[in-house]
Number of protein chains: 2
Amino acid sequence: MNINIDFVNKLRTSGLRPTKQRLKICEVLFNTEKTFHFTVNDLSKIISEKLNQKISLATIYNTVHAFKKKGYLKEISMNSDKTYFDTNTTHHHHFFDSSTMKLIDLSDDQVEKIKINKALPGKKISSVEILVKVENE
Amino acid sequence: MNINIDFVNKLRTSGLRPTKQRLKICEVLFNTEKTFHFTVNDLSKIISEKLNQKISLATIYNTVHAFKKKGYLKEISMNSDKTYFDTNTTHHHHFFDSSTMKLIDLSDDQVEKIKINKALPGKKISSVEILVKVENE
DNA sequence: TACTTTCTTTAGAATCATTATAAACTATAA
DNA sequence: TTATAGTTTATAATGATTCTAAAGAAAGTA
């Protein structure tokens with residue numbers, strides 16, 4: 001189980017104990033080819049329905065927030081009743097399809113360099129995120 | 001009361017009956033020099049605390065949503081436990097100051113033209129919103 | 001290995017924003 | 001006026017998220 005050793009190290013390095021629950025969540029989130037978007041509820045369903053395992057919702061919330069804090073997940077800025085997370089932590093943007101309510105990645109190099117001609121005194125920019133809303137033609 | 005006549009017309013034109021509650025909310029939202037950002041809770045507090053009036057929370061929600069639907073308010077895309085609205089309905093962007101948790105307008109012409117080099121087949125862009133997160137230097 | 005400490009998980013309760021419900025009320029048009 | 005359709009309201013319901021406090025598990029030390 002090479003994968004698990006990687007995750008154990010990843011967690012240890014971050015000061016997080018490699019518990020069964022966290023390792024399982026790592027597998028679901030990071031053991032995939034493609035990155036993806038999810039809500040806590042999605043993740044909970046994957047674990048309980050597809051993997052037939054039980055991890056308390058509180059633990060899933062705790063873990064997702066811990067991973068976000070460590071930079072393994074990004075929270076996506078958009079208003080919705082739910083909070084979306086992204087396993088793609090590189091700098092990128094999003095389309096939001098209002099027809100399907102789905103998020104689609106928009107890579108940073110598919111957007112021409114954004115220049116903000118306004119500075120706020122005493123403040124520094126920590127991120128610039130674009131949300132492109134689309135709908136059916 | 002010229003102002004009220006304007007609001008009565010505005011509402012009538014939109015197919016909304018000019019009720020006492022809606023007119024009061026119009027005054028709070030649109031009878032100001034500057035546009036501003038608010039949550040439903042903010043609005044509710046202004047009405048009850050500053051104006052010493054009682055409008056049911058349900059009515060405030062209904063009204064804010066009706067105004068949004070008519071294009072008199074914009075909902076701001078950012079994740080927060082609360083939903084922010086903007087009385088500035090022109091096309092513009094936002095700074096979000098993580099230190100103070102406040103939103104600041106970023107006008108469209110203070111951002112150099114954004115070009116998205118990715119098209120989604122069968123979809124058309126309905127909006128492009130930038131959220132610039134800032135923090136204390 | 002046994003022990004201690006600290007971290008983690010958990011079920012369930014609590015919170016908070018928002019929406020639904022259904023009855024009372026009001027603007028409008030005939 | 002009167003009828004109708006639209007509104008307001010208090011309150012209940014919902015749903016996402018966080019809190020709590022007790023039980024369980026990992027890590028460090030002897």
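Each chain gets a letter, A, B and so on, in the order its sequence line appears, and its residues count up from 1. All values derive from a computational prediction rather than experimental measurement.
Out of D:dT17, D:dA10, D:dT8, the shortest distance to the side chain of A:Val40 is found at D:dT17.
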**Complete:** Under a 4.0 Å heavy-atom criterion, the protein footprint on nucleotides 24-30 of chain C, written with B, S and -, is ---BS--
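The nearest whole Å value for the distance from the NZ atom in B:Lys82 to the P atom in C:dT15 is 16 Å. For the pair A:Leu16 CG and D:dA27 P, the interatomic distance rounds to 11 Å; values are reported in whole Å. Here the P atom of nucleotide D:dT7 and the NZ atom of B:Lys24 are 20 Å apart, to the nearest Å. We find that CG of A:Asp42 is positioned 15 Å from C1' of D:dG15, with the value rounded to whole Å. Residue B:Ile25 contributes atom CD1, which lies 13 Å from atom C1' of D:dT9 at whole-angstrom precision. What separates CD of A:Gln21 from C1' of D:dA23 is a distance of 13 Å, to the nearest Å. Spacing between atom OH of B:Tyr84 and atom P of C:dA17 amounts to 11 Å, rounded to whole angstrom units. Look at CE on B:Met78: it is 15 Å from P on C:dA17, rounded to the nearest Å.
Residue A:Thr83 is classed as a sugar-phosphate contact, given heavy-atom separations below 4.0 Å to backbone atoms only.
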**Request:** Output, in order, the C-alpha distance, side-chain angles, deciding distance and verdict of side chain to side chain donor-acceptor pair (under 3.5 Å) for B:Asn88 and B:Thr90.
**Result:** CA-CA 6 Å; B:Asn88 178 355; B:Thr90 65; 2.6 Å; yes
**A:His94 and A:Asp86: CA distance, side-chain angles, deciding distance, side chain to side chain donor-acceptor pair (under 3.5 Å) verdict** = CA-CA 10 Å; A:His94 291 99; A:Asp86 197 337; 2.8 Å; yes
**Request:** Any chance you could lay out the side chain to side chain contact (heavy atoms under 4.5 Å, CB included) test for A:Val128 and A:Ile125, step after step, and finish with the verdict?
**Result:** CA-CA 8 Å; A:Val128 177; A:Ile125 291 175; 3.8 Å; yes
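Salt bridge annotation for A:Lys68-A:Glu75: present, with a cationic side-chain nitrogen under 4.0 angstrom from a carboxylate oxygen. Residues A:Glu135 and B:Lys123 are not paired through a salt bridge, judged by the lack of any N-O separation under 4.0 Å between the basic side chain and the carboxylate.
Taking the ring axis of B:Tyr72 as reference, the NZ or CZ atom of B:Lys10 stays within 45° of it and closer than 6.0 Å to the ring centre.
Between A:Phe67 and A:Phe30, the ring-plane angle classifies as tilted under the 30° and 60° cut-offs. By the 30° and 60° cut-offs, the orientation of the rings of A:His93 relative to A:His91 is perpendicular.
Comparing the helix axis at one end of the helix from C:dT1-D:dA30 to C:dA30-D:dT1 with that at the other, each defined from 5 consecutive pairs, gives an inter-axis angle of 20° (nearest 10°).
When the shell of 6.0 Å around NZ of B:Lys45 is examined, it contains 12 or fewer heavy atoms from other residues, nucleotides or ligands. Counting non-hydrogen atoms of other residues, nucleotides and ligands closer than 6.0 Å to NZ of A:Lys118 gives a total above 12.
Contacts between residues 60-71 of chain B and DNA chain C, counted as heavy-atom distances below 4.0 Å, involve B:Tyr61, B:His65.
Side chain of B:Ser44 to main chain of B:Val40: no donor-acceptor pair is present (N/O by atom type, distance under 3.5 Å, no hydrogens or angles).
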